[in-house]
Protein chains: 2
Amino acid sequence: MANPYDKAHELARVLKESEEFSTLKELHDTVNSDDVAKRMLDNFRKVQIELQQKQMQGEQISEEEIQNAQKQFELVQQHETISKLMEAEQRMSQVIGDINKIITEPLEELYGAEGEGEQQ
Amino acid sequence: MANPYDKAHELARVLKESEEFSTLKELHDTVNSDDVAKRMLDNFRKVQIELQQKQMQGEQISEEEIQNAQKQFELVQQHETISKLMEAEQRMSQVIGDINKIITEPLEELYGAEGEGEQQ
Ligand SMILES: [Ca+2]
Ligand SMILES: [Ca+2]
C-alpha cells in the first residue's frame with residue numbers, strides 16, 4: 001500500500017515543478033540579484049514584521065509608523081518585479097493553503113461530524 | 001504534467017487509508033459511542049482550551065485551575081481507550097507535521113538559502 005510519506009515527496013516534487021513555483025523562484029532570484037530591489041523588499045518586510053509583533057504584543061502603533069509602513073508598501077507596489085513577486089507569493093500561499101485543506105479533509109470529517117452523526 | 005491538487009487528493013486518500021488514520025478513527029468512534037468516555041474527554045478538552053485561552057490573553061491561572069486540569073488529565077490517562085486515542089492523535093499530528101515539512105521543503109530552500117548562495 002502507498003505510504004503517506006512517499007506521496008508527500010511526490011507532491012513536493014510536483015509542486016516544485018509547477019508553474020506557480022517556477023514563477024515564484026524566477027522572480028525571487030531576479031529580485032535577490034538586484035541590490036536595490038532586494039534592499040527595498042527587505043526594508044518592507046522588516047517594517048511588516050515589526051508592526052505584526054507590536055500588534056501581537058498589544059503595543060500601541062504610532063501614526064508615524066503607519067505612514068512609514070504605507071510608504072514602504074507603495075514603494076514595493078510601484079516596483080514591477082517586487083510587486084509580481086509578492087503576487088506570486090500570494091498565489092503560492094493560496095496553493096499551500098488549499099493543499100493543507102485537502103490533506104486534512106479526512107480529519108475534518110472525523111472531528112467535524114460530532115453530534116451530527118457520521119457523514120458518508 | 002501532474003497537478004499539485006491532484007497529488008494532494010492522492011495524498012489525502014493514502015492518508016485516509018493509512019494505519020495511523022484507521023487506528024485514530026476506530027478509537028475516536030469507540031470513545032464517541034461511549035457516553036461516559038465522551039463526557040470525560042469533552043471535559044478534559046474544555047479545561048485545556050480554557051487554560052490555553054487564559055495563557056494567550058496573559059491572564060492569571062489559579063492554583064485551583066491547575067489542580068483541576070491535572071485531575072482531568074489523570075482521569076483521561078487512566079482511561080485505556082481515551083489514552084490510546086490521545087496517543088493516536090499525537091501520532092497523526094506528527095505525520096501531518098512531517099508531511100507539511102516535506103511539502104514546504106522547496107519553499108524553505110528558496111527562502112532559507114538567502115545569503116548562503118543557492119543550495120541546489
Ligand atoms: Ca465522529
Ligand atoms: Ca535564494
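Model, not experiment: these values are computed from the prediction. So that the names make sense, note that chain A is the first sequence line, chain B the second, and so on, each numbered from 1.
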Novice: Find the distance between CG (B/Leu107) and CD1 (A/Ile96) and round it off to the nearest 0.5 Å.
Specialist: 5.0 Å
Novice: Got a second to check how far B/Tyr5's OH is from A/Asp98's CG, nearest 0.5 Å?
Specialist: 3.5 Å
Novice: If you count heavy-atom pairs under 4.5 Å between each of B/Met92, B/Lys7, B/Glu10 and chain A, which one has the most?
Specialist: B/Lys7
Novice: Which atom pair, heavy atoms only, marks the closest approach of B/Ile102 to A/Ala12?
Specialist: O-CB, 3.4 Å
Novice: Does one hydrophobic cluster hold both B/Met86 and B/Val47, with members joined at side-chain heavy-atom distances below 4.5 Å?
Specialist: no
Novice: Taking the side chain as C-beta and beyond, is there a heavy-atom pair between B/Leu15 and A/Thr104 under 4.5 Å?
Specialist: no
Novice: In the structure I gave you, are the side-chain heavy atoms of B/Ile103 and A/Ile103 within less than 4.5 Å of one another anywhere?
Specialist: yes
Novice: Which atoms of A/Glu89 come close to chain B, meaning under 4.5 Å heavy atom to heavy atom: side chain ones, backbone ones, both, or neither?
Specialist: side chain
Novice: Is B/Lys16 salt-bridged to A/Glu109, cutoff N-O under 4.0 Å?
Specialist: yes
Novice: Would the number of heavy atoms belonging to other residues, nucleotides or ligands and lying under 6.0 Å from CD of B/Gln90 be above 12?
Specialist: no
Novice: Would you mind checking which part of A/Asn100 comes under 4.5 Å of any heavy atom in chain B, side chain (CB onward), backbone (N, CA, C, O), both or neither?
Specialist: side chain
Novice: To the nearest 0.5 angstrom, please state how far the CD atom of B/Glu105 sits from the CZ atom of A/Arg13.
Specialist: 15.0 Å
Novice: Taking atom CD of A/Glu59 as the centre, report whether more than 12 heavy atoms of other residues, nucleotides or ligands fall under 6.0 Å from it.
Specialist: yes
Novice: Please check if B/Val31 and B/Phe73 belong to a single hydrophobic cluster, counting links between Ile, Leu, Val, Met, Phe, Trp and Tyr side chain heavy atoms closer than 4.5 Å.
Specialist: yes
Novice: Quick check: is B/Leu85 connected to B/Leu75 through a chain of hydrophobic side chains (ILVMFWY, heavy atoms under 4.5 Å apart)?
Specialist: yes
Novice: Taking A/Tyr111 as the starting point, is it possible to reach B/Leu41 by hopping between hydrophobic residues whose side chains are less than 4.5 Å apart?
Specialist: yes
Novice: Rounded at 0.5 Å granularity, tell me how far CG in A/Leu110 sits from NZ in B/Lys25.
Specialist: 5.5 Å
Novice: Closest heavy-atom contact between B/Asn3 and A/Val14?
Specialist: C-CG1, 3.7 Å
Novice: Could you pull out the closest heavy-atom pair between A/Pro4 and B/Leu11, with the gap in Å?
Specialist: O-CD1, 3.4 Å
Novice: Are B/Val95 and A/Ile99 co-members of a hydrophobic cluster defined by side-chain heavy atoms under 4.5 Å apart?
Specialist: yes
Novice: Check this for me: B/Glu26, atom CD, are more than 12 non-hydrogen atoms of other residues, nucleotides or ligands nearer than 6.0 Å?
Specialist: no
